[in-house]
Amino acid sequence: MSIQECHLVDLPKITDPRGNLTFVEGGRHVPFEIRRVYYLYDVPGGSERGGHGHKALQQLIIAMSGSFDVVIDDGREKRRVHLNRSYYGLYVCPMIWRELDNFSSGAVCMVLASNLYDEEDYYRDYNDYLRAQGIKV
Ligand code: TYD
């Protein structure tokens with residue numbers, strides 16, 4: 001898979017003087033049924049998260065509050081995406097190495113995922129990931 005398959009999703013935004021509302025529907029705004037939600041918060045300044053790839057997992061990454069960067073990498077090409085709006089999500093397809101950094105204070109990163117947590121689905125080692133992508137022998 002390549003980072004060309006990752007893209008920003010412009011989520012519906014119902015603006016309202018009482019406060020805005022955004023929603024995400026599985027199979028509609030993301031090309032998968034949502035089976036898990038997790039979030040990162042209380043991230044100390046200078047911290048890096050991620051640093052792995054997934055074999056089959058698909059995700060939508062949203063900056064619910066504050067901002068951070070997601071670096072997506074397919075072993076051939078890399079792209080840094082700055083997320084700072086709760087109505088934009090970054091769709092990350094399977095087989096993409098990702099790193100998250102540049103967290104603002106108070107940032108909350110919510111991730112909608114296509115499957116339950118499974119350590120077997122991770123590439124934790126970049127060289128293992130590159131081999132699986134057919135880039136390194
Ligand atoms: P990890 O996916 O490496 O975090 P990140 O990508 O944000 O840097 O997960 C960190 C730890 O949390 C690891 O021990 C596995 C555990 N974990 C779960 O138990 N369930 C989950 O849904 C997730 C995402 C992580």
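Atoms within each ligand, like the ligands themselves, are counted from 1 in listed order.
- In terms of modelled atom types and a separation under 3.5 Å, the side chain of Arg85 and the main chain of Ser65 share no donor-acceptor contact.
- Annotation for ligand 1: atoms under 4.0 Å from non-hydrogen atoms of Leu40 are 7 (O).
- Counting heavy atoms under 4.0 Å from ligand 1, residue Arg36 touches it through the side chain alone.
- Proximity annotation for atom 20 (N) of ligand 1: of Tyr117, Tyr38, Tyr39, Tyr117 comes nearest, heavy atoms only.
- Of all protein heavy atoms, the one lying nearest to atom 5 (P) of ligand 1 is Arg49 NH2, 3.4 Å.
- For Arg124, every heavy-atom contact with ligand 1 shorter than 4.0 Å involves the side chain, none the backbone.
- Distance check: Thr22 OG1 to Ile62 CD1 gives 8.5 Å after rounding to the nearest 0.5 Å.
- Between atom 8 (O) of ligand 1 and the options Gly50, Ser47, Cys109, the minimum heavy-atom separation is to Gly50.
- Here the closest non-hydrogen pair linking His29 and Val9 is O-CG1, 3.5 Å.
- Closest heavy-atom approach to atom 6 (O) of ligand 1 among the candidates Glu119, Arg98, His52: His52.
- Using the six-membered ring where Trp is involved, Tyr129 and Trp97 have ring planes that are tilted, between 30° and 60° apart.
- For Asp69 against Asn102, the heavy-atom pair with the smallest separation is OD2-ND2, 3.1 Å.
- In this structure, His54 and His52 have perpendicular ring planes: the angle between them is above 60°, well past the 30° mark.
- With Tyr122 as the aromatic partner, Arg124 meets the cation-pi criteria of under 6.0 angstrom to the ring centre and within 45 degrees of the ring axis.
- Atom 11 (C) of ligand 1 is not flagged as protein-proximal [any protein heavy atom, distance under 4.0 Å].
- With a 4.0 Å heavy-atom cut-off, ligand 1 is reached by no atom of Val111.
- The nearest protein heavy atom to atom 14 (O) of ligand 1 is not closer than 4.0 Å.
- From the protein, the heavy atom lying nearest to atom 2 (O) of ligand 1 is Tyr122 OH, 2.6 Å.
- Between the CG atom in Leu11 and the CD atom in Glu25 there is a gap of 10.5 Å [rounded to 0.5 Å].
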